[in-house]
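Let me begin by presenting the structure, written as structure tokens, before commenting on it.
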Amino acid sequence: MDRCQISATDIACRRGERLLFRRLSLALESGMALQISGHNGLGKSSLLRILAGLLPPFHGSVTRQGAIGLLDEHPALDENLPLAKALDFWRAIDGGDAEITPMPGVEALMDIPLRFLSTGQRKRAALTRLFGQRAPIWLLDEPLNGLDTAAIAACVAVVEDHCRAGGIAIIASHQPFPVADLQVLPLADFAP
Amino acid sequence: MSALLTILRRDLAMLLPGGRRGGTLLPLLFFLSVAMLFPFAVGPDAALLARTGGGIIWVAALLAAILPLDRLIAPDLDQGFFDQWALRGISEEAVVFMRVIAHWISFGPPLMIAALPAAALLGLDGASLRIVELGLLAGTPGLAAIGVMIAALTVGLRSGAALAGLLMIPLAVPLLIFGAGALATGGGSGIALTGAISLILVAMAPFAGGAAIRATRGG
């Protein structure tokens with residue numbers, strides 16, 4: 001995997017009239033994993049969207065080197081299509097020729113339209129889409145929500161492999177994410 | 001480029017009649033219903049029907065174009081597709097342009113075909129039918145562009161779907177004036193002006209729509 005890097009300098013985030021956090025800086029290099037922790041409403045998702053470049057920061061700047069893969073509450077897969085076809089759409093866009101290694105338990109769901117899947121199954125499907133993108137920088141918003149114990153272990157293992165291969169993972173989650181060498185950034189420290 | 005073609009193929013699979021986002025035949029059926037109801041309402045006066053028929057077809061086409069608005073942009077925005085495209089460097093403008101093309105293919109040509117039975121119901125003669133068909137060919141790309149633009153502009157609003165219909169009508173008035181007006185003047189210049197308005201709208205739609213979609217993320 002190519003070298004990748006993401007850094008944020010002195011960013012602040014405002015949603016509506018409310019300042020969510022300020023003076024936040026971070027810098028990650030290839031192979032590093034960071035968890036953004038904190039309770040609901042602190043702005044974890046907003047921070048990820050700022051890092052992804054989808055939301056302009058109220059103040060400060062973000063630089064990134066390498067493609068961004070984002071996993072949030074929207075799977076971005078067609079509800080009415082069998083999962084295999086819905087994933088094929090992204091494979092055609094991402095230009096990957098190789099087979100995507102699906103999350104454990106996803107092979108069995110390939111013929112089922114997404115709208116019939118449970119929360120955990122949808123999350124697995126979305127993770128499979130993320131793997132197929134082969135982006136070096138992963139931004140994961142509550143990746144463990146709805147996953148059962150086996151799937152949590154699989155997800156953690158995949159993130160570990162990703163970082164070992166030289167990728168970056170930034171995980172926004174209120175629950176512990178047991179991956180090796182994980183730095184933790186408590187977002188509450190940056191609340192105004 | 002191949003990514004955009006993939007997106008266009010997906011858009012067509014959703015929007016073409018019989019497509020998987022559902023309700024795709026509704027505009028056509030609505031269009032034919034108006035053409036069918038009108039003679040019942042005004043009575044069997046063949047001369048009156050032939051004189052007003054072309055205009056009725058245009059009004060029906062405009063109203064039919066309002067029906068699919070809420071399915072054009074909102075579902076993809078809600079499901080996070082636009083975010084994922086943006087992360088892959090595919091601009092909102094390009095996606096909106098593909099959607100204008102797909103929306104036109106899925107309602108322009110079918111409407112032109114449906115205009116044939118509609119013209120028969122209204123008793124239009126061959127010359128008027130020709131002008132109506134040419135006018136629709138020139139005007140429906142503009143209607144498609146307005147539709148996608150309005151769908152993008154109203155996507156973040158509550159009761160956006162109802163508002164979209166109301167917003168579309170004044171914007172479509174120039175197309176209606178020149179498209180239906182071509183029937184009175186006998187073609188030529190009216191159709192050319194309809195085409196010109198369509199081109200402007202098609203050129204404008206990706207930028208207006210793209211900016212509107214980006215604006216839903218901020219603030």
Side-chain angles (χ1 to χ4, degrees), chain A residues 6 13-18 20 45-46 48-58 64 66-82 85-97 113-115 122-123 125-126 129-130 132-139 141, chain B residues 1-24 68 70-95 97-99 102 106 155-158 210-219:
Chain A
I6 184 165
C13 170
R14 195 180 77 162
R15 298 297 277 166
E17 290 302 303
R18 219 156 58 87
L20 290 177
S45 302
S46 299
L48 282 196
R49 291 180 69 77
I50 288 173
L51 292 175
L54 292 172
L55 189 68
F58 182 54
R64 46 189 104 67
I68 302 268
L70 174 71
L71 175 87
D72 56 13
E73 77 265 41
H74 310 296
L77 294 166
D78 278 309
E79 296 279 324
N80 298 324
L81 280 185
K85 289 238 172 74
L87 288 168
D88 276 346
F89 170 73
W90 287 111
R91 190 189 311 177
I93 288 201
D94 293 329
D97 301 323
L114 198 74
R115 65 175 189 279
R122 294 164 78 93
K123 197 62 122 189
R129 187 209 72 219
L130 178 75
Q133 191 187 347
R134 295 191 167 73
I137 304 173
W138 281 4
L139 305 177
D141 192 359
Chain B
M1 197 60 215
S2 75
L4 288 182
L5 288 179
T6 309
I7 292 174
L8 181 63
R9 263 201 302 277
R10 173 176 173 271
D11 286 357
L12 282 172
M14 280 184 322
L15 298 173
L16 274 180
R20 59 173 182 263
R21 200 161 268 179
T24 42
D70 59 331
R71 293 180 291 117
L72 287 178
I73 303 283
D76 279 353
L77 199 68
D78 291 343
Q79 290 165 17
F81 276 93
F82 279 96
D83 287 346
Q84 294 295 336
W85 285 322
L87 290 176
R88 286 158 174 81
I90 302 169
S91 71
E92 287 79 6
E93 282 81 1
V95 177
F97 186 53
M98 291 300 118
R99 194 134 310 179
S106 66
V155 76
L157 305 174
R158 267 175 303 155
I213 289 167
R214 268 196 302 280
T216 60
R217 297 204 183 105

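Residue numbers start from 1 in every chain, and the chains themselves are labelled A, B, ... in the order their sequence lines are given, proteins ahead of strands. Side-chain atoms are counted along with the backbone in the values below, which use heavy atoms only and exclude waters and symmetry mates.
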Which bit of Ala52(A) comes within less than 4.5 Å of chain B, counting heavy atoms only: side chain, backbone, both or neither? both

Determine whether more than 12 heavy atoms belonging to other residues, nucleotides or ligands lie under 6.0 Å from atom CZ of Arg115(A). yes

In Å and rounded to the nearest 0.5 Å, what is the CG to CE distance from Leu81(A) to Met14(B)? 10.0 Å

Shortest non-hydrogen separation from Trp85(B) to Ile93(A) and the atoms involved: NE1-CD1, 3.5 Å

Set of residues satisfying ring pair (Phe, Tyr, Trp, His ring centres under 6.0 Å) with respect to Phe97(B), sequence neighbours excluded: none

Proximal component of Ile90(B), with respect to chain A [non-hydrogen, under 4.5 Å]: side chain

Which atom pairs, donor and acceptor, lie under 3.5 Å between side-chain atoms of residues 68-75 of chain A and protein residues at least two apart or in another chain?
residue, atom, partner, partner atom, Å
Asp72(A), OD1, His74(A), N, 3.1
His74(A), ND1, Asp78(B), O, 2.9

Distance from Gln79(B) atom CD to Leu114(A) atom CG, nearest 0.5 Å? 8.0 Å

Looking only at heavy atoms, what is the nearest atom pair of Leu54(A) and Arg217(B), with distance? O-CD, 3.4 Å

Looking only at heavy atoms, what is the nearest atom pair of Arg88(B) and Asp94(A), with distance? NE-OD1, 2.6 Å

Any idea how Phe81(B) and Trp90(A) line up, ring-wise: parallel (<30°), tilted (30 to 60°), or perpendicular (>60°)? parallel

Rounding to 0.5 Å, atoms CD (Gln133(A)) and CG (Leu87(B)) come to a distance of 7.0 Å

